[in-house]
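Every chain is numbered from 1 and lettered A, B, ... according to where its sequence line falls, protein lines coming before strand lines.
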Number of protein chains: 2
Amino acid sequence: MARSYEQGCHIARALDVLGERWTLLIARELVAGSRRYSDLLEALPGIGTSLLAARLKHLEQHRVVRQVTLPGPGRTAAYALGERGEALMPVLAALSEWGGGLPDTPPGYADNPVWSIIALRLRACAEAASFGILTELTVGGTTVWLQGDGERVRMETGPAPTNPGLRLTCAKDTFYALVKGRATVEDALSSGQLAIDGEAADGQHFFDLFRLPRAA
Amino acid sequence: MARSYEQGCHIARALDVLGERWTLLIARELVAGSRRYSDLLEALPGIGTSLLAARLKHLEQHRVVRQVTLPGPGRTAAYALGERGEALMPVLAALSEWGGGLPDTPPGYADNPVWSIIALRLRACAEAASFGILTELTVGGTTVWLQGDGERVRMETGPAPTNPGLRLTCAKDTFYALVKGRATVEDALSSGQLAIDGEAADGQHFFDLFRLPRAA
DNA sequence: CGGAATCCTCTTCGATACTG
DNA sequence: CAGTATCGAAGAGGATTCCG
């Protein structure tokens, strides 16, 4: 059993489950879809193999994470968010928002386009669930797909499983600027850094739902 | 310098500052108003004096916490939330909400009415700032006062500094039930477990703003 | 080969004692 | 009252080995 603060306070109880090192970063990775053990090891350099196994076991016990079997050949085992993991979105969203207010990232820090995609997705926890169009999003060479089902947004890494209704492609730095609110969709489109493949109206709807900045 | 994940991701950057043991619980304490060093030691049993000093120093550097001088005789030094600490409210609110969904608290855990008051206050980050009436709230013998100034809610532990416009008194277990959504204001009032001292309309307005459950 | 337990070293934590 | 100093215990990081 993990160390506990032994306080009835809901914040303390949450931190009993989530507060140890690496725990919330594992959850962050799973926001972008299911991941194999080795995917997580790669995404979290420094974690150490036994610690990752211990954290996953702990999170599984608390239904933050659940094991899934990946489709396709190989029947690979992987991890995805469980019920309590889905409920973590607001926590991760608040942390992401707060972290965005910190001074600029020091040099040498790792950089992964999927983190910005996750930040985008976390900003629209509830509203974006209504966006039912299968959308493929490519940022700086990283591709994910997402689709709302009315209740939540499903998101996975990799190309869309069927032909997407909307395909968005964006240069990495432009996407960072969009998510940080330092550039507008119109500028990104006209400079060719952002491209919409599909109905233009669907693209605009996507930008609105995920609160990307529009021209002033 | 504390250990860092060295990832540009905003969530990881936030956790670099907030993710170590005890850090967010220090912030939680300060949501209920300024605290002296010894107050914090008492509120966080197990923390160890050097660790508390180290955490406070670290949080001060990141402007999550700032030092203040308490009014009144003694000119006691104390700690309060800094700019980034005020911005932490949504993070703490999300954690509190998530922690409320966990299974019931195991026996033996510490219990403090102020934690429920904090949970209440965190639920109404923005809206409640408009509640300008100086309000004194007593739950199970713990008294705090709070007042909105249009921008944020100010809250301090202890009796109100001047004559409050509204005074609410509630039995501990009833207040817990109200905050958890397991009881209604009307039931609590009619059973005498909750009492309003002041304009009845102000009390109702307070309950609405802080989303206490009303009769079905 | 991917998934995980073992071993060892280093860092962090917790408790007590001590100081301005 | 507000911290610093110290030290044993627990946790984390890295390499290697084991299992399927």
Side-chain angles (χ1 to χ4, degrees), chain A residues 1-7 12 15-26 29-30 33-61 65-80 108-110 157-158, chain B residues 1-7 12 15-26 29-30 34-61 65-80 110 157:
Chain A
M1 180 63 189
R3 182 154 34 173
S4 166
Y5 291 112
E6 306 208 351
Q7 298 190 341
L15 292 172
D16 279 348
V17 176
L18 307 169
E20 284 165 311
R21 195 162 161 79
W22 297 111
T23 303
L24 281 168
L25 291 190
I26 293 171
E29 283 303 308
L30 300 183
S34 53
R35 292 277 187 279
R36 290 169 306 173
Y37 185 88
S38 51
D39 296 330
L40 292 171
L41 268 186
E42 194 180 0
L44 305 171
I47 190 178
T49 65
S50 33
L51 193 59
L52 176 57
R55 290 286 185 272
L56 285 170
K57 207 161 291 177
H58 177 240
L59 288 173
E60 219 179 320
Q61 270 167 6
V65 153
R66 75 194 148 93
Q67 281 191 272
V68 296
T69 306
L70 250 43
R75 306 203 164 318
T76 330
Y79 296 89
Y109 277 38
T157 306
Chain B
M1 182 61 189
R3 182 156 26 176
S4 165
Y5 292 112
E6 308 208 351
Q7 297 191 340
L15 292 172
D16 280 349
V17 176
L18 307 170
E20 284 165 310
R21 196 162 162 77
W22 297 110
T23 304
L24 282 168
L25 292 190
I26 294 171
E29 283 303 307
L30 299 181
S34 53
R35 292 277 189 278
R36 291 170 306 175
Y37 187 86
S38 50
D39 295 331
L40 292 170
L41 270 185
E42 194 180 359
L44 305 171
I47 191 178
T49 65
S50 353
L51 193 58
L52 175 57
R55 289 289 184 271
L56 286 170
K57 207 163 288 173
H58 177 239
L59 288 173
E60 220 179 319
Q61 272 168 3
V65 152
R66 73 196 150 94
Q67 281 191 275
V68 296
T69 307
L70 250 42
R75 306 202 165 317
T76 330
Y79 297 88
T157 305

So if I take every side-chain heavy atom of [X] and compare against [options], which nucleotide ends up nearest?
X: Arg3(A); options: dT6(C), dG11(D), dA4(C); answer: dG11(D)
X: Thr76(B); options: dA15(C), dT11(C), dA2(D); answer: dA2(D)
X: Leu51(A); options: dG14(C), dT4(D), dA12(D); answer: dA12(D)

Item to check | Whether over 12 other heavy atoms sit under 6.0 Å from Gln67(A) CD | outcome: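 Enclosed: over 12 neighbouring heavy atoms sit under 6.0 Å from CD of Gln67(A).
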Rounding to an integer number of Å, can you tell me how far [X] [atom1] sits from [N] [atom2]?
X: His58(A); N: dG11(D); atom1: NE2; atom2: P; result: 12 Å
X: Leu25(B); N: dG14(C); atom1: CG; atom2: P; result: 11 Å
X: Ile47(B); N: dG3(D); atom1: CD1; atom2: C1'; result: 13 Å
X: Arg35(B); N: dG3(D); atom1: CZ; atom2: P; result: 16 Å
X: Leu52(B); N: dA15(C); atom1: CG; atom2: C1'; result: 14 Å
X: Tyr79(B); N: dC1(D); atom1: OH; atom2: C1'; result: 11 Å
X: Leu40(B); N: dG3(D); atom1: CG; atom2: C1'; result: 13 Å
X: Tyr37(B); N: dT19(C); atom1: OH; atom2: P; result: 17 Å

Quick check for you: to the nearest 0.5 Å, what is the distance between [X] atom [atom1] and [Y] atom [atom2]?
X: Tyr79(B); Y: Glu60(B); atom1: OH; atom2: CD; value: 6.0 Å
X: Leu18(A); Y: Leu15(B); atom1: CG; atom2: CG; value: 10.0 Å
X: Leu56(A); Y: Leu40(A); atom1: CG; atom2: CG; value: 6.0 Å
X: Arg21(B); Y: Arg3(A); atom1: CZ; atom2: CZ; value: 4.5 Å

Could you tell me whether the phosphate oxygens of [N], OP1 or OP2, come under 4.0 Å of any side-chain nitrogen or oxygen in [X]?
X: Arg36(B); N: dG3(D); answer: no
X: Arg21(B); N: dG11(D); answer: no
X: Lys57(A); N: dA5(C); answer: yes

Checklist entry - Has the side chain of Thr49(A) got a donor or acceptor atom sitting under 3.5 Å from an opposite partner on the base of dA5(C)? => result yes
Next on the checklist: I'd like to know if Ser38(A) reaches the base of dA4(C) with its side chain, counting only an N/O donor and acceptor under 3.5 Å.
Outcome noted: no
Item to check | Results of ring-ring contact (aromatic ring centres under 6.0 Å, His included) for Tyr5(A) - residues two or more places apart only | outcome: Trp22(B)
Checklist entry - If you write DNA chain D from 5' to 3' in dot-bracket form, with Watson-Crick or G-U pairs under 3.5 Å, [ ] for crossing pairs and | for pairs with another strand, what do you get? => result .|||||||||||||||||||
Checklist entry - With no hydrogens and no angle check, is any side-chain donor or acceptor of Gln7(A) less than 3.5 Å from a backbone partner on Ala43(B)? => result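 Yes, because the side chain of Gln7(A) sits within donor-acceptor range (under 3.5 Å) of the backbone of Ala43(B).
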